[in-house]
Amino acid sequence: RWSGEDATVIGLRTALSDRATMYVEQRLMHPRDGTRWIPATVVGSEERWGDGGRSYGEYQTGSGQNGTFNRAVLGIGRRFELTNGFYGDVAFERMHTEVVDGIGTARDANVLSLGGEYVGNPDLKVSSRFEVRHESSDRDRLQLLSLNRLSASLGRGVSLFGRVDIMTTQDLLNDTREAEAMNFSLGLAYRPLDDSVTLLVKAARIVDMRPASLDPEAGSLRVTADVVSIEPIIELPLRLQLTPKFAYRRMVEEAEGIPA
């Protein structure tokens, strides 16, 4: 995921009609600050309608860090062409989660997203997505998320790619910023001979701020990392790849608002 979390998915999908499908998946998710994989079983269906429309529903069950959970997800969205080469999309998703923790914890979340994409030039692609998420549980939270991508061909086997991701979470009950994450990266891909050899050069700044503990008065921890990497990709026989990576990372950790 954009935030650095990992997930593995295996499943089956079957067609219900020309427009509808049903799927069963087993997902293994690993939060970036977690110590173990979180399994989840998903049963869902999806229907595509009109010109670029999509609606779906899922039932999810699994075991998280706070106990077994059951989650219902409903979503609807549509992608449409604005003008030649420009596309837009709008989507809404609602989730309800029940946690079996002896307390009966319940969470509701509503997510509205707007996106745009330009693909009218074969040498240039730009996309942007903005999401607003409101979550109600033990306290109300408002999360804003912006995902932006750029890729361009500069000619002579050189390609430019960039990424800007910004996320902030606000605790509405205490009127405080609960979390913040930013990822700014810029890179070049160079193919000096042909597709058998590619050289990737990338520079990135990653900022991650989150609460020091579950206590909202305990302050927060901020980690800022600057990374420069060089990664050659060499195509080998039998469809194998050799991808050594050389990287330099400078990391700074700061404590904010932690009581003395």
[X] [atom1]: over 12 foreign heavy atoms closer than 6.0 Å:
| X | atom1 | value |
| --- | --- | --- |
| R205 | CZ | no |
| R222 | CZ | yes |
| D123 | CG | yes |
| L236 | CG | yes |

Donor-acceptor pair, side chain of S17 and main chain of A20, under 3.5 angstrom: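 Flag set: sc S17 to bb A20 pair under 3.5 Å.
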task: Search all heavy atoms of L186 against all heavy atoms of G162 and return the closest pair with its distance.
output: CD1-CA, 4.2 Å
field: Result of checking V9, T41, I10 against R27 for side-chain contact (heavy atoms from CB on, under 4.5 Å)
entry: V9
- request: Give the C-alpha distance, both sets of side-chain angles, the deciding distance and a yes or no for side-chain contact (heavy atoms from CB on, under 4.5 Å) between R71 and E98.
  value: CA-CA 6 Å; R71 179 181 297 130; E98 296 278 350; over 6 Å; no
message: Could you check whether R13 and T21, counting side-chain N and O atoms only, form a donor-acceptor pair closer than 3.5 Å?
response: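 Judged by distance alone, the side chains do pair up.
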- prompt: Linking I/L/V/M/F/W/Y whenever any side-chain heavy atoms sit under 4.5 Å apart, do Y190 and L160 land together?
  reply: yes
- request: Report yes or no: is the cationic atom of R79 (NZ for Lys, CZ for Arg) closer than 6.0 Å to the six-membered ring centre of Y87, at no more than 45° off its axis?
  value: yes
message: Does E46 form a salt bridge (charged side-chain N to carboxylate O under 4.0 Å, His left out) with R54? I'd like the steps, not just the answer.
response: CA-CA 7 Å; E46 175 187 82; R54 171 178 176 259; 2.4 Å; yes
